[in-house]
Amino acid sequence: MPVINIKEQKKALRARFKKLRETCPEDIRQKLDEKLCKSFLSLDEYKNCDALFTFVSGAIECDTKRIIAQAFADGKKVAVPRCINKSGEMEFYYISSFDDLVRGMYNISEPDVSRCQKAESYENALCIVPGLCFDYQHYRVGFGKGYYDRFLDEFSGISAGICYSKYIVSEVPKGAFDRNTDILVTEKFIDRIDR
C-alpha cells in the first residue's frame with residue numbers, strides 16, 4: 001500500500017487554488033461575492049442566530065465585509081478572530097464597527113483587543129469558516145495553519161463554510177485533526193450535513 005502524503009497533497013491544492021483566486025478578474029469576483037452574500041444571508045441559521053463569528057476577508061477570500069455590515073444592520077453580535085500565536089490558536093472578540101479593526105498577525109484585520117470584549121459564549125452562534133477550496137463533505141483546504149480546525153473542536157454553535165462553487169472539489173485530503181462544517185454555502189447552492 002503506497003504512503004499518501006496528505007501535507008504535500010494539501011500544499012499542491014493550496015497553491016492551485018491560491019493562483020486561481022489571484023487571477024480571478026475583479027468584476028467576476030464581485031458578481032460571485034454578491035450572489036454568495038445573498039445566499040448566506042438567506043440561511044435560516046443566519047436569520048435565527050444571535051452572534052455571528054466570522055473572519056474579515058482578505059484580497060483573495062470570499063467577501064465577508066458585506067455580510068458583517070448586514071449583521072450589524074440586523075442587530076447581531078459580530079465576533080472576529082485574533083491570532084494569539086503562530087501555533088494555530090485564536091480567540092474571537094466582538095466588534096461594533098469596522099473601526100474596531102487593526103492589522104494583526106499575517107497582516108490580516110483583527111479586533112483591537114484594547115477596545116473589544118472577548119467572546120466567551122457560543123450560545124446560538126453561527127461561524128463562517130474560510131477555505132481556499134472545499135469538498136462535498138464540507139472539508140476544506142485553508143491557508144495551512146490549522147486555526148479553524150482547532151477552533152471548531154471547541155465551538156458548539158453551527159459552522160458554515162463559504163466558497164465559490166467553481167472551487168469545490170470531489171474530495172480534499174484530510175487528517176485526524178481536520179474538521180468539516182455543518183453547512184457549505186456557495187453562490188449556486190447550499191448544502192447541509194446532519195450531525
Side-chain angles (χ1 to χ4, degrees), residues 33 36-58 61-85 87-102 104-106 108-132 134-135 137-143 145-163 174 177-187 189-195:
D33 281 333
L36 182 60
C37 176
K38 190 174 180 181
S39 188
F40 179 83
L41 294 172
S42 77
L43 293 173
D44 286 338
E45 291 86 351
Y46 168 75
K47 292 173 185 171
N48 297 326
C49 78
D50 293 325
L52 180 67
F53 285 61
T54 180
F55 64 101
V56 181
S57 52
E61 293 177 301
C62 299
D63 181 24
T64 60
K65 291 173 185 156
R66 65 181 78 199
I67 293 171
I68 292 169
Q70 187 60 53
F72 287 147
D74 291 338
K76 297 187 184 297
K77 293 192 285 187
V78 176
V80 299
R82 171 185 169 263
C83 298
I84 302 171
N85 54 42
S87 300
E89 294 179 81
M90 66 180 181
E91 52 196 12
F92 281 76
Y93 286 79
Y94 294 115
I95 61 168
S96 54
S97 79
F98 289 107
D99 292 336
D100 288 339
L101 299 172
V102 294
M105 199 178 293
Y106 308 112
I108 59 174
S109 293
E110 293 188 343
D112 181 346
V113 297
S114 69
R115 57 194 284 184
C116 299
Q117 180 186 352
K118 188 175 174 184
E120 304 279 6
S121 169
Y122 305 136
E123 190 176 341
N124 204 20
L126 175 62
C127 179
I128 299 178
V129 179
L132 288 165
F134 281 80
D135 68 15
Q137 294 76 45
H138 307 184
Y139 286 93
R140 68 193 184 91
V141 171
F143 287 89
K145 306 294 184 196
Y147 285 94
Y148 274 86
D149 293 315
R150 284 178 181 85
F151 174 73
L152 291 176
D153 244 3
E154 63 181 54
F155 182 68
S156 56
I158 298 168
S159 58
I162 60 170
C163 191
K174 48 195 155 293
F177 299 107
D178 292 325
R179 298 290 174 257
N180 61 344
T181 60
D182 300 303
I183 309 168
L184 179 59
V185 183
T186 77
E187 82 286 359
F189 67 85
I190 295 168
D191 187 61
R192 289 174 174 82
I193 286 180
D194 293 326
R195 299 274 179 199

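Small disclaimer: the values here were computed from a predicted structure and weren't measured. All heavy atoms count here, side chains included; hydrogens, waters and symmetry mates do not.
Residue Phe55 comes nearest to Val129 through the heavy atom pair CE2-C, 4.1 Å, listed as atom of the first residue, atom of the second, then distance. Between Glu61 and Val56, the closest heavy-atom pair is OE1-O, 4.1 Å. What you find for Pro111 and Val102 is that their closest heavy atoms are O-CG2, 4.0 Å.
Rounding to the nearest 0.5 Å gives a distance of 9.0 Å between CZ of Arg192 and CD1 of Ile158. With values rounded to the nearest 0.5 angstrom, Arg140 atom CZ is found 11.0 Å from Cys163 atom SG. The CD1 atom of Ile162 sits 5.0 Å away from atom SG of Cys62, with the distance rounded to the nearest 0.5 Å. Rounding to the nearest 0.5 Å gives a distance of 14.0 Å between CD1 of Ile95 and NZ of Lys77. Atom CG of residue Asp178 and atom CG of residue Leu152 lie 10.5 Å apart, to the nearest 0.5 angstrom. Considering CG of Asp149 and CZ of Arg179, their distance stands at 7.0 Å, rounded to 0.5 Å.
Just one of Pro130, Cys83, Pro81 meets the side-chain contact (heavy atoms from CB on, under 4.5 Å) condition when paired with Tyr147; it is Cys83. In summary, of the residues considered (Ile183, Thr186, Ile67), a side-chain contact (heavy atoms from CB on, under 4.5 Å) with Phe40 occurs for Ile67 alone.
Between Asp33 and Arg66, none of the side-chain N atoms (NZ, or NE/NH1/NH2) sits under 4.0 Å from a carboxylate O, so this pair counts as no salt bridge. A salt bridge does not link Lys38 with Glu187: none of the charged nitrogens is closer than 4.0 Å to a carboxylate oxygen. Salt bridge status for Asp153 with Arg150: absent, with no side-chain N to carboxylate O gap under 4.0 Å.
Every pair passing salt bridge (Lys or Arg N to Asp or Glu O under 4.0 Å) that includes a residue from residues 117-126 is listed here, sequence neighbours excluded: Glu91-Lys118.
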Item checked: CA sep, side-chain torsions, deciding dist, call: Cys127, Thr54, side-chain contact (heavy atoms from CB on, under 4.5 Å) -> CA-CA 6 Å; Cys127 179; Thr54 180; over 6 Å; no
Next item on the list: Report the C-alpha distance between Lys174 and Asp135 in whole Å, list the side-chain angles of each, state the deciding distance to 0.1 Å, and finish with yes or no for side-chain contact (heavy atoms from CB on, under 4.5 Å).
Entry: CA-CA 11 Å; Lys174 48 195 155 293; Asp135 68 15; 3.8 Å; yes
Note to self: Would Tyr93 and Glu110 count as a side-chain hydrogen bond (donor to acceptor under 3.5 Å, both in side chains) here? Give the steps.
What the structure shows: CA-CA 9 Å; Tyr93 286 79; Glu110 293 188 343; over 6 Å; no
Item checked: side-chain contact (heavy atoms from CB on, under 4.5 Å) between Leu43 and Val185, intermediate numbers included -> CA-CA 9 Å; Leu43 293 173; Val185 183; 3.9 Å; yes
Item checked: Derivation and outcome, side-chain contact (heavy atoms from CB on, under 4.5 Å), residues Lys76 and Asp50 -> CA-CA 5 Å; Lys76 297 187 184 297; Asp50 293 325; over 6 Å; no
Next item on the list: Go through the steps for Asp100 and Arg115 under the test salt bridge (charged side-chain N to carboxylate O under 4.0 Å, His left out), then give the verdict.
Entry: CA-CA 7 Å; Asp100 288 339; Arg115 57 194 284 184; 2.9 Å; yes
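Looking at Asp191 and His138, their side chains do bring a donor and an acceptor atom within 3.5 Å of each other. A donor and an acceptor atom, one from each side chain of Asp74 and Tyr46, are located under 3.5 Å apart.
Asp182 contributes no side-chain N or O that, together with a main-chain N or O of Ile193, makes up a donor-acceptor pair within less than 3.5 Å. The closest donor-acceptor contact from the side chain of Ser109 to the backbone of Leu101 lies at 3.5 Å or more, if one exists at all. Checking side-chain atoms of Asn180 against main-chain N and O of Gln137 turns up a donor-acceptor pair under 3.5 Å. The closest donor-acceptor contact from the side chain of Thr181 to the backbone of Ser159 lies at 3.5 Å or more, if one exists at all. The closest donor-acceptor contact from the side chain of Ser57 to the backbone of Thr64 lies under 3.5 Å.
The aromatic rings of Phe92 and Phe151 are tilted relative to each other, their planes meeting at an angle between 30° and 60°.
Taking the centre of each ring, Phe155 and Phe53 come in below the 6.0 Å mark. Checked against the 6.0 Å centroid criterion, the rings of Tyr148 and Phe143 do not qualify as a close aromatic pair.
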